[in-house]
Amino acid sequence: MTTESKDKEVNHGIHNYSAEEKWIKPEDPVLLERLEWFKDQKLALMMHWGPYSQLGVVESWALSDKDGDWSRTDIDWEEDGEEFKRQYFNLNKTFNPVRFQPEVWADLAAEGGFKYFIFTTKHHDGFSMWDTKETDYRITSSECPFHSHKYADVCKHVFDAFREKGLGIAAYFSKADWNTPYYWAPGMARGREMWRGPSYDPDEYPWLWNKFVNFTHNQIMELMSKYGRIDVLWLDAGWVGKGKQDIRLGEVVEKAREIQPWLLTADRTVGGEFENYITPEQTIPEGPMSVPWESCITMGTSFSFKYEDKYKPTREIVHTLIEIISKGGNLALNVAPQPDGRLPEGAIKRMKELGAWLKVYGEAVYGTRICAPYFKEGLAYTRKGETAYCFRLYQSEDDRYKEENVYIPYTEKVHRIDMLGGEENLEFSQTEEGISIRMPKVVETEENTPIAHVFRLT
């Protein structure tokens, strides 16, 4: 992918990522230390959740007429765009996820081996999943039937539950807000034909734009000051902050770090000092990157809940994780909750299977760094101190391993090789080109082919 294509903002709702060479290393030693923490974590649970889950359609994007050609493919009941927007914005009046149990989510995340949690406090549609004082378009408004529930302040309860399990907290926050009249102001030159940007020219209406900036700052500071420790402010809507849409991000980040000095910011696709790490979306870079990065990838086909969604097999999820960590990144695996507040059974099954795999092989995953030759020809590598790890990936259940020897093109001197979850001190021979490992004999069974064999190279 070229630098130019990486810097494109959005295509069909998918954000391309900033170029590695544009990453700016923070000067603050606290932030540098936190980036090392970030690189240790490897696996995040990401969740897109809001009133849109009731329809099973793509989150927010169908509201933008300019993006309607791809985002309204599942909207087969309403042809009139204005009526659809009214229906969408009125979903707050029926959103009532009474089966939401934050402790159950947190237990599943911990069992699944996830180390931090990225939650959509607000997507582009402007619906706030916390008790904001800036708008009535929120989960705790009297218009929303869930407002009287004990877990009504969703962000508070879900952040507390995940923190209790030892997971870091990343607050996803969209800088765009298509509900507030400070951004999508009625009666402007655009008329009814809306797009992802503001409905007016901020240069022509500076007083209105300033109201939007203050609104945005106030919402961010609510999250930063009233919802406990936040490890990452994960900012979406990269078109906000460029050109005329200056929201004076530096001011609010400075205020936030007065309260939470450890706060990392992921001002995605924008580049500059507030994009502390790069966030590829639904893709993995072709080669390793030496800067901090995280690929957000869906377990199913959509970031938002989709009825009868098809989830990736656990083998594919683990292979995705292995490829990402071998190239120096983290995986943010998105699981979308149902409108009733539960996680889908298919997603739960895969989370549990992922966790079971990580219990055996997590040593080669967590806290590791990149190691040449990285990812090549079905083999992946990581390193932790003086120890390297090699993953031998099996692509399918039919990919029965029968080799008596496995060849690894790893050239650093090795004194001992163990198989994680298996035999230790394997026989091997090493030349300048690589290592030939004598594989232990396997008793033929009806069990599936392993997802991967993992070798510890000491």
For [X] versus [Y], what's the shortest heavy-atom pair and its separation?
X      : Y      : result
Trp23  : Pro292 : CZ2-CD, 3.5 Å
Met129 : Ile139 : C-CG2, 3.5 Å
Ala380 : Phe375 : CB-CD1, 3.7 Å
Ser18  : Glu275 : OG-OE1, 2.7 Å
Arg268 : Cys296 : NH2-SG, 3.7 Å
Ile118 : Glu294 : CD1-OE1, 3.6 Å

Output field: ring centroids Trp61/Trp70 closer than 6.0 Å: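 Here the rings of Trp70 and Trp61 have centres that are less than 6.0 Å from each other.
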Centroid-centroid distance, Trp49 to Phe95, less than 6.0 Å: yes
What side-chain donor-acceptor pairs closer than 3.5 Å can you find for residues 101-109, not counting sequence neighbours?
residue: Glu103; atom: OE1; partner: Tyr151; partner atom: OH; Å: 3.2
residue: Trp105; atom: NE1; partner: Gly341; partner atom: O; Å: 3.1
residue: Asp107; atom: OD1; partner: Lys165; partner atom: NZ; Å: 3.0

Pairs satisfying ring-ring contact (aromatic ring centres under 6.0 Å, His included), at least one member in residues 253-280, at least two apart: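 Non-adjacent pairs meeting ring-ring contact (aromatic ring centres under 6.0 Å, His included): Phe38-Tyr277.
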According to salt bridge (charged side-chain N to carboxylate O under 4.0 Å, His left out), who are the partners of [X], at least two apart in sequence or on a separate chain?
X      : result
Glu412 : Arg383
Lys306 : none
Asp28  : none
Asp309 : none

Stepwise salt bridge (charged side-chain N to carboxylate O under 4.0 Å, His left out) test for Arg72 and Asp74: CA-CA 5 Å; Arg72 295 178 182 171; Asp74 287 335; over 6 Å; no
Examine the side chains of [X] and [Y] and answer whether a donor and an acceptor come within less than 3.5 Å of each other.
X      : Y      : answer
Tyr394 : His453 : yes
Glu386 : Thr458 : no
Gln245 : Tyr183 : yes

By the salt bridge (Lys or Arg N to Asp or Glu O under 4.0 Å) test, which pairs, at least two apart or in different chains, include something from [range]?
range            : result
residues 321-335 : Glu323-Lys327
residues 255-267 : Lys175-Asp267
residues 347-375 : Glu36-Arg369, Asp40-Arg369, Glu111-Lys352, Lys349-Glu353, Glu363-Arg456

When you measure from the side chain of [X] to the backbone N and O of [Y], does any donor-acceptor pair fall under 3.5 Å?
X      : Y      : answer
Gln260 : Asp231 : no
Thr132 : Ser128 : no
Thr314 : Leu354 : no
Asn179 : Asp125 : no
Tyr407 : Ile437 : no
Thr411 : Glu433 : no
Asn334 : Ile297 : no

Sequence-distant partners of Ile259, side chain to side chain contact (heavy atoms under 4.5 Å, CB included), two or more places apart: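 With sequence neighbours excluded, Ile259 shows a side chain to side chain contact (heavy atoms under 4.5 Å, CB included) to Met221, Ser225, given in chain and number order.
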Stepwise salt bridge (charged side-chain N to carboxylate O under 4.0 Å, His left out) test for Arg138 and Asp131: CA-CA 7 Å; Arg138 66 180 191 272; Asp131 188 29; 3.6 Å; yes
Within-4.5 Å side-chain heavy-atom neighbours: Phe173 and Met224: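 Sidechains of Met224 and Phe173: no contact.
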Asn425 side chain reached by Arg416 side chain, heavy atoms, under 4.5 Å: yes
Whether Tyr172 and His48 hold their rings parallel, tilted or perpendicular, with breakpoints at 30° and 60°: perpendicular
Ring geometry between Phe305 and Tyr307 (parallel below 30°, tilted from 30 to 60°, perpendicular above 60°): perpendicular
Heavy atoms from other residues, nucleotides or ligands near CD of Glu427 exceed 12 (cutoff 6.0 Å): no
Point-to-point distance, once rounded to the nearest 0.5 Å, from CD1 of Ile317 to CE of Met299: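 Answer for the CD1-CE pair, Ile317 versus Met299, is 4.0 Å.
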Salt-bridge present (Asp177, Lys122; N to O < 4.0 Å):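 Looking at Lys122 together with Asp177, the answer is yes, because their closest N to O distance falls below 4.0 Å.
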Given Tyr227, Trp234, Phe127, Phe159, the one that forms side chain to side chain contact (heavy atoms under 4.5 Å, CB included) with Thr121: Phe159
Among Trp195, Phe303, Trp178, ring-ring contact (aromatic ring centres under 6.0 Å, His included) partner for His124: Trp178
Residues that Phe455 engages under ring-ring contact (aromatic ring centres under 6.0 Å, His included), provided they are two or more places apart: none
ring-ring contact (aromatic ring centres under 6.0 Å, His included) against Phe162, all qualifying residues, sequence neighbours excluded: Phe117
